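Taking it in order: structure first as structure tokens, then the write-up.
In each ligand, atom 1 is the first atom listed, and ligand 1 is the first ligand listed. The chain is numbered in sequence order, starting from 1. Everything numeric in this text was worked out from a predicted model, so none of it was measured.
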Amino acid sequence: MYWEKDVETIDRKKLEEFQLVGLKNTLVKAGKSYYYDKIFKEKKINADSVKSLHDIQKIPFTTKDDLRENWPYGFIAVSKDELVRMHSSSGTTGRATVVFHTAADIAAWTDLLARSVYMAGLRKSDVFQNMMTYGLFTGGLGFHYAVEKIGALVIPAGAGNSKRQIQLMMDFATTAVHVIPSYALHLSTVFSDLHLDPRKDTKVRIAFVGAEPHTEKMRRKIEEIYGYKAFNSYGLSEMNGPGVAFECPCQDGMHIWEDNFLVEIINPRTLAPVADGEEGELVLTTLKREGMPLLRYRTKDLTRIIPEPCSCGRTHRRIERIKGRTDDMLILKGVNIFPMQIEKKLMEIPGVGTNFLIILERKEFNDSMMVKVEVNRELFSGELKQLEALRRKIVEELKSEILITPQIDLVEPDSIPKGEGKAVRVIDNRKD
Ligand code: AMP
Ligand code: ZN
């Protein structure tokens, strides 16, 4: 039932002792990076500043912007020779936030994720099909090595190519999958097109679903269509990737692995800690990482701690399903997109007017993005051929930036309604 019983059911007092040691070690390690060295000197912080876990509040927060501004190597805390792998957050191109790992970091991550999938019921006898993108995104290689460590057979299918996914599932009697929830729903329509019923025609019994927010209702719908159990998997590339928090067989909140991460929930406006059990922004500190230790990293994800102990016997606390974000990041098909990226690209294209609006839709379980773009007056009264060329250029440029092909609708100047206050850039019509 447990991958590492001692660690998973550790007495909380002992866990907190380990966390304090981990935090002090992390301060020492982080101080070797360019960024934290500078911050610690400014704020006069060192490992001795922390006498209890509560003292973590003396340390400033770290944000995605800090990572971007110190790109690429400002956060590494070991010599470059020690690094063996790089990953980055999904979606963004160019200066994406990158994370570097030593061999020990990769081993620790693999172990954490093996612990997670074992907890959900994956065993050596399983055939596991990984339907996530392999490459810089952490959901591919991360799961791949963790499942190999358990000893199950891995099919590194990668993302997309729905008919092939179904073929692989049937040919090799896949019993477990890793899939983005919106893709699981989309794939079910391909089963229907092929006159197949996933409940009868496949042997899948477990799914790990994550990388994007989804409701309990959506999870139940996926479970109903496929006849398998779907476990929520949460992570972010800055904290390795998947394997930060994961559902146990109780499917009631995700155990967050507190031997590796120190957890805080803060009020995103005041930045003060919230009362136990209250909703706020999740802030995480790595306790074991060597290559790129991060202190008080603001995930921008909204959740709460479930204070009650879990009936599975694990003592690591649970967080609730992610409710949303405190910034304007969108996740479409598992890819992170900031409206700012779209704005920046659009404004570089001659002929584009001053306003735009992103509309997200879900049709037949398929998510898509439409961008209404105002064009400038000269172009609008010009030739149709020119407008079509502009539309194609915008599609191309945006695709290279956000990795998703948007539908572009060119509209008249000043036709997108402007409100009184902050411009509304996004309308999300996706419903379960
Ligand atoms: P990335 O760094 O590309 O792996 O993206 C990480 C972000 O994806 C997180 O900060 C969350 O906003 C989102 N995310 C990942 N897993 C989940 C999940 N299970 N539920 C909701 N959001 C998730
Ligand atoms: Zn549990």
| said: Please list, in number order, the atoms of ligand 1 under 4.0 Å from a heavy atom of Ile322. | reply: 20 (N), 21 (C)

| query | Is there a heavy atom of Gly241 sitting under 4.0 angstrom from any atom of ligand 1? | reply | no

| message | Check this for me: does any side-chain nitrogen of one of Asp259 and Arg115 sit under 4.0 Å from a carboxylate oxygen of the other? | response | yes

| task | State whether the shortest distance between N or O atoms of Asn336 and N or O atoms of ligand 1 falls below 3.5 angstrom. | result | yes

| request: Please test Leu27 against Leu295 for side-chain contact (heavy atoms from CB on, under 4.5 Å), starting from the C-alpha separation and ending with a verdict. | output: CA-CA 8 Å; Leu27 280 165; Leu295 291 152; 4.0 Å; yes

| query | What is the ring orientation for Phe246 with Phe143, classed by angle as parallel under 30°, tilted 30 to 60°, or perpendicular over 60°? | reply | tilted

| message | Could you report the tightest heavy-atom contact between Pro181 and Gly210, atom names first, then the distance? | response | CD-O, 3.3 Å

| request: Could you tell me whether Ser237 approaches ligand 1 through its side chain, its backbone, both or neither, with non-hydrogen atoms closer than 4.0 Å? | output: both

| task | Only heavy atoms count here, so choose which of Val244, Asn232, Asp301, Leu136 is nearest to atom 10 (O) of ligand 1. | result | Asp301

| message | Whether the Tyr2 and Asp6 side chains hold a donor-acceptor pair (N or O, under 3.5 Å, no angle test) is what I'd like checked. | response | no

| query | Looking only at distance, does Ser89 have an N or O less than 3.5 Å from an N or O of ligand 1? | reply | no

| Using heavy atoms and a threshold below 4.0 Å, how should the contact between Ser233 and ligand 1 be classified: side chain, backbone, both, or neither? | backbone

| Subset of ligand 1 atoms that lie under 4.0 Å from at least one heavy atom of Gly210 | 19 (N)

| said: Under 4.0 Å, heavy-atom basis, I'd like to know which part of Leu236 is in contact with ligand 1: side chain, backbone, both or neither. | reply: both

| Just checking, any donor-acceptor pair under 3.5 angstrom between side chains of Asp301 and Tyr234? | yes

| task | Flag Ile331 as yes when one of its N or O atoms lies below 3.5 Å from any N or O atom of ligand 1, and as no otherwise. | result | no

| task | Check ligand 1 against Gly235 and write out every atom of the ligand that is under 4.0 Å from a heavy-atom position of the residue. | result | 6 (C), 9 (C), 15 (C), 16 (N)

| Three-point angle Cys312:SG, the Zn ion (ligand 2), Cys248:SG, rounded to the nearest 10° | 120°

| field | Distance-only N or O hit between ligand 1 and Thr299, under 3.5 Å | value | no

| Between Glu82 and Thr102: side-chain donor-acceptor atoms closer than 3.5 Å | no

| query | Taking heavy atoms and a distance under 4.0 Å, where does Arg325 meet ligand 1: side chain, backbone, both or neither? | reply | side chain

| field | Stepwise side-chain contact (heavy atoms from CB on, under 4.5 Å) test for Arg304 and Ile265 | value | CA-CA 7 Å; Arg304 70 177 194 102; Ile265 308 275; 5.7 Å; no

| Under-4.0 Å salt bridge between Glu216 and Arg321 | yes

